[in-house]
Amino acid sequence: MFQLDVHLFEKSYSIYVDNSFRKIRELFEEYFGTDTYYIVITDNNVFNYYYDEFKKVLNGERIECFVFDAGEHSKSFETVEKIYDFLIKRSIDKKCVLIALGGGVVGDVTGFVAGTYMCGVRYVQVPTTLLAQVDSSIGGKTGIDGYTLKNIIGIFKQPEFVFINTSTLETLNDRHYRAGITEMLVHGLVGGVEAFDYLQNNMNKILLRDNDAMQEIIVRSCDIKVKLVENDEFENSVRSYLNLGHTIGHAIEGWTNYQILHGEAVSIGIYAIFKFACQKGFIKINDVKIVNDLLMKIGLPICLNTIEPIQIMKRMRYDKKVKNGKIYVIIPTKLGEVCIYPLNANDEDIILQILKSLKQAF
Ligand code: GLY
């Protein structure tokens, strides 16, 4: 089992990476003793695949489960209310531990409930999708969508620990798996030149879901995010590098009413922002080609015919990186390095033209 520590003073915690659930019982007993009440929060897909196994290994008699419908539409006020209701009806008190068993939606909703129920209870992340394993389970960003906007309501709430079982990737469908690789690509593109080379050199193993190799590759990817979170927990500076491709991506995701997956939307966002950075002279055309080839190899989209470029630009104004009316985006300066860049009116027009060209290219 690999272990990676997240240093956040009194909120520090560990990320454990293994290829099965075997060690979770030991870990839960070590952290919470033997008489803690656990509430597993999961979706119907993960419940069907893993709940029985998880419960058996945890040997939980004091364990209950709340299940909601899989999909982004469940990342809502309604789901959060239903969970509060579930907890209150059972008189669940502050000594309980919530367990997020599932992908990004499960982790974000559970973290949000853990941060708000009774002003905060403990929770553990057990991510089962690639996106959640390398990104959303780490760093304590939690929340829900609303008002047709992605992640518009949320809080920072760090987990007690994260347990990644890489074998759960075996049951992830191909589309979600590929979409999860987008966040690994983001880490490669912001984590330094070596990180990018490492990702490129290991892409075949990632695509083959080589379970042994994946443990190490996931640890490397998590490590990049961990360092950024340790330096900037509340995203005032370097943590925002992880938003490469996300300002355009979130706008596209919301515009399609989540018909397109997060990783697919971010893929289009990455390609668009690489084109922008090239036009502005920050990177070379060959860098755009390398990223394009990599996205193609992963099987991710770089354009979408249903987008309305003007609507996407409007939606970008609701991004969390808008300050005093200026949209701040993350742009590449080379493969592996990025910077924070404020868009002026002319830049916004360039991005609009790029989005129009991507729509036509479909
Ligand atoms: N998903 C980006 C972050 O957690 O900051």
Side-chain angles (χ1 to χ4, degrees), residues 4 6-8 11-13 15 72 75 100 102-112 114-115 123 125 127-145 149-159 161-162 164 176 179-191 195 199 218-254 258 261-270 273 300 316 318-323 328-332 338-340:
L4 191 63
V6 186
H7 301 101
L8 290 173
K11 286 179 281 172
S12 298
Y13 57 96
I15 300 166
E72 188 74 26
K75 205 168 137 177
V105 173
V106 168
D108 284 6
V109 166
T110 306
F112 186 75
Y123 81 114
Q125 290 272 15
T128 57
T129 63
L130 188 54
L131 176 142
Q133 293 184 353
V134 297
D135 183 38
S136 59
S137 67
I138 303 161
K141 229 191 231 180
T142 74
I144 51 176
D145 308 328
L149 296 166
K150 173 91 176 171
N151 294 345
I152 190 74
I153 311 291
I155 51 162
F156 287 95
K157 168 75 177 166
Q158 302 296 343
F161 65 89
V162 180
I164 298 173
H176 280 84
I181 301 175
T182 310
E183 299 295 354
M184 296 184 111
L185 179 61
V186 169
H187 294 173
L189 288 167
V190 308
L199 187 82
I218 285 174
V219 170
R220 294 275 295 245
S221 196
C222 291
D223 192 39
I224 292 167
K225 173 155 186 179
V226 165
K227 297 234 157 59
L228 295 171
V229 169
E230 285 176 343
N231 280 306
D232 175 27
E233 182 185 355
F234 298 114
E235 198 175 306
N236 294 312
S237 59
V238 292
R239 182 170 180 166
S240 64
Y241 293 173
L242 297 166
N243 289 313
L244 177 72
H246 282 61
T247 306
I248 297 172
H250 280 165
I252 294 176
E253 219 183 328
Y258 308 105
L261 298 178
H262 175 72
E264 294 167 340
V266 171
S267 168
I268 299 169
I270 290 174
I273 214 68
L300 288 165
M316 280 169 63
Y318 290 96
D319 191 88
K320 291 194 281 300
K321 286 177 305 308
V322 172
K323 285 181 200 119
Y328 287 76
V329 290
I330 308 305
I331 59 165
V338 292
C339 71
I340 303 172

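Just follow the structure's listing: the first ligand is 1, and inside any ligand the first atom is 1.
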Would you check whether R239 has a nitrogen or oxygen atom less than 3.5 angstrom from a nitrogen or oxygen atom of ligand 1?
yes
Near E235, which atoms of ligand 1 are under 4.0 Å from a heavy atom of that residue?
5 (O)
Go through it in stages, so that I can follow the logic: the residues are E72 and H262, the test is side-chain hydrogen bond (donor to acceptor under 3.5 Å, both in side chains), and I'd like the CA-CA distance, side-chain angles, deciding distance and then a yes or no.
CA-CA 9 Å; E72 188 74 26; H262 175 72; over 6 Å; no
Check whether any side-chain heavy atom of I340 sits under 4.5 Å from a side-chain heavy atom of Y241, and report yes or no.
yes
Option whose closest heavy atom lies nearest to atom 3 (C) of ligand 1, chosen from E233, H262, K225, H246
K225
Given R239, E233, Q158, the one that forms side chain to side chain contact (heavy atoms under 4.5 Å, CB included) with K141:
R239
Honestly, for D135 the part within reach of ligand 1 (heavy atoms, under 4.0 Å) is side chain
Under 3.5 Å, side chain of S240 to main-chain N/O of S237, donor-acceptor pair present?
yes
